[in-house]
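All ligand and atom numbering here is 1-based and tracks the order in the structure. In this text, all values refer to a predicted model and were calculated from it rather than measured experimentally.
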Amino acid sequence: MNKNDYIDTFNFRGKSYNAAMQSFPGARRLELDAILDRLNMKKAAAFCDAPAGGGYLSEGIYEKFGKDVAITCIEPAIEFGSDIQVIANVINTTIDDIPLPDNSFDGLGSLAGLHHILNRAPIFAEWGRLMRPGGVISVADVQVGSPVGKFLNEYVDRYTPQGHDGYFIARGELSDLLSGIGCENVEEDLVAVPWQFAKREHIGSFCKQLFFLENISAEDVTEAIDDYLGISRNDATGGWQMYWELCYASGQLPR
Ligand SMILES: C[S@@+](CC[C@H](N)C(=O)[O-])C[C@H]1O[C@@H](n2cnc3c(N)ncnc32)[C@H](O)[C@@H]1O
């Protein structure tokens with residue numbers, strides 16, 4: 001699939017993705033917290049979410065830093081970005097060609113978007129241009145060879161109309177890309193961030209809507225997720241969780 005096909009895909013199923021996120025707002029909380037923890041910005045800051053989708057990371061940034069942070073959402077799929085709720089400057093453009101001046105941001109976060117783009121070096125070069133001295137970048141995405149990648153490229157690929165053909169991230173790649181644009185204090189970890197639900201059956205309902213899975217019941221989706229990723233009780237909350245993990249990396253531009 002080329003770049004434009006994927007933007008069409010997210011225009012097609014972005015509304016369903018956003019509806020799933022609104023129905024189960026706490027499901028991806030650990031995934032969100034892990035990237036927020038790696039974005040140590042000052043309170044008064046300019047932040048860029050790229051690609052933003054429906055603005056999930058931006059909502060977390062607003063919750064953490066309050067109205068003093070100026071948020072810009074970069075989202076190539078116009079329909080997907082049209083649901084962004086948080087107060088933000090929304091720009092519909094690709095994440096490697098952002099029509100903003102150099103030194104625009106103190107923080108940049110990228111959650112679960114890089115695996116749609118094969119050549120990632122130009123994206124990091126563009127982000128490096130946009131960052132101010134001392135700015136922090138944090139990225140998170142699916143690691144190559146992981147159970148999450150297998151689930152997306154096999155199961156989601158089979159049941160979502162446009163398929164799923166992710167170019168997942170090799171261990172060390174994100175660190176190399178951050179170091180390549182001059183970042184210091186680069187750190188990278190594979191982090192378990194299971195998705196959380198009150199009831200076991202919510203897992204299939206959420207994922208069916210999030211990934212726009214057709215010709216399969218929510219019950220069957222739950223069972224497939226148990227096979228691919230594993231479902232367990234969360235003893236602390238009394239709820240249910242499906243396994244999820246992402247590779248998180250962060251770095252800081254020199255002051
Ligand atoms: C799984 S969504 C993640 C959205 C959001 N960051 C989140 O965590 O909910 C994947 C994102 O990648 C974007 N994307 C897909 N193909 C792209 C491309 N070729 N260039 C830039 N962004 C792309 C989509 O528009 C979408 O925003």
Side-chain angles (χ1 to χ4, degrees), residues 1-36 38-39 47-63 71-86 88 90-99 107-127 137-142 148-149 151-153 156-157 160 162-169 191 193 195 206-207 209-213 244-248:
M1 245 185 216
N2 67 32
K3 195 184 241 188
N4 289 331
D5 289 336
Y6 252 112
I7 293 167
D8 288 348
T9 297
F10 277 97
N11 272 322
F12 176 78
R13 59 180 171 89
K15 289 280 172 198
S16 186
Y17 187 106
N18 291 337
M21 293 297 292
Q22 278 158 23
S23 299
F24 298 94
R28 295 174 61 205
R29 187 71 222 192
L30 297 179
E31 186 186 333
L32 175 64
D33 284 343
I35 192 164
L36 291 175
R38 289 164 173 80
L39 284 163
F47 177 78
C48 180
D49 181 358
Y56 182 53
L57 172 57
S58 294
E59 285 173 20
I61 288 286
Y62 189 81
E63 194 183 290
I71 299 173
T72 297
C73 291
I74 305 299
E75 176 47 51
I78 295 172
E79 282 293 307
F80 199 4
S82 66
D83 287 329
I84 292 172
Q85 306 286 323
V86 76
V90 180
I91 305 177
N92 296 123
T93 185
T94 54
I95 59 174
D96 57 0
D97 186 14
I98 298 173
L108 185 146
S110 184
L111 181 58
L114 285 174
H115 68 268
H116 294 294
I117 303 140
L118 184 56
N119 186 9
R120 296 182 263 259
I123 299 168
F124 281 73
E126 178 68 338
W127 292 349
I137 300 179
S138 182
V139 295
D141 216 310
V142 178
V148 173
F151 169 70
L152 292 172
N153 275 7
V156 173
D157 182 54
T160 198
Q162 294 91 348
H164 192 287
D165 186 16
Y167 313 113
F168 301 124
I169 316 285
V191 186
V193 285
W195 291 358
F206 177 71
C207 290
Q209 198 171 24
L210 189 82
F211 298 118
F212 204 96
L213 306 180
W244 201 256
E245 65 179 24
L246 294 178
C247 186
Y248 287 80

Do Glu75 side-chain atoms and Gly53 backbone N/O form a donor-acceptor pair below 3.5 Å?
yes

Using a plain distance cutoff, I'd like to know if Phe10 has any nitrogen or oxygen under 3.5 Å from a nitrogen or oxygen of ligand 1.
no

Take every heavy atom of His115, measure it against each atom of ligand 1, and state whether any distance is under 4.0 Å.
no

I'd like to know if the side chain of Glu59 reaches the main chain of Gln85, judged simply by a donor and an acceptor atom lying under 3.5 Å from each other, with no hydrogens or angles considered.
no

Ligand 1 contact on Pro51 by region, counting heavy-atom pairs under 4.0 Å
both

Just by distance, do the side chain of Asp157 and the backbone of His164 share a donor-acceptor pair under 3.5 Å?
yes

Numbered atoms of ligand 1 (with element) below 4.0 Å of Phe80, judged on heavy atoms:
26 (C), 27 (O)

Output the list of atoms in ligand 1 that are nearer than 4.0 Å to some heavy atom of Glu75, sorted by atom number.
24 (C), 25 (O), 26 (C), 27 (O)

Please determine which of Phe10, Phe168, Tyr167, Phe80 meets the ring-ring contact (aromatic ring centres under 6.0 Å, His included) test together with His116.
Phe10

Please work out whether any backbone atom (N, CA, C, O) or any side-chain heavy atom from C-beta onward of Ser110 is under 4.0 Å from ligand 1, and answer side chain, backbone, both or neither.
neither

Side chain to side chain contact (heavy atoms under 4.5 Å, CB included) with Pro25: which residues, sequence neighbours excluded?
none

Relative to ligand 1, is Arg28 under 4.0 angstrom through side chain, backbone, both or neither, heavy atoms considered?
side chain

Any heavy atom of Ile117 under 4.0 Å from ligand 1? The part involved is side chain

Measure from atom 17 (C) of ligand 1 to every heavy atom in His116, Met21, Glu59, Glu31 and give the option owning the shortest one.
His116

Which one of Ile74, Ile95, Ile61, Ile91 satisfies the side-chain contact (heavy atoms from CB on, under 4.5 Å) criterion with Cys48?
Ile74

Selection from Gly60, Ala112, Ala140 by shortest heavy-atom distance to atom 10 (C) of ligand 1
Ala112

What do you reckon, does Tyr17 have a nitrogen or oxygen under 3.5 Å from a nitrogen or oxygen of ligand 1?
yes

Is there a donor-acceptor pair under 3.5 Å between the side chain of Asn18 and the backbone N or O of Asp83?
no

Which residues pass the side chain to side chain contact (heavy atoms under 4.5 Å, CB included) test with Ser16, sequence neighbours left out?
Gln209, Phe212

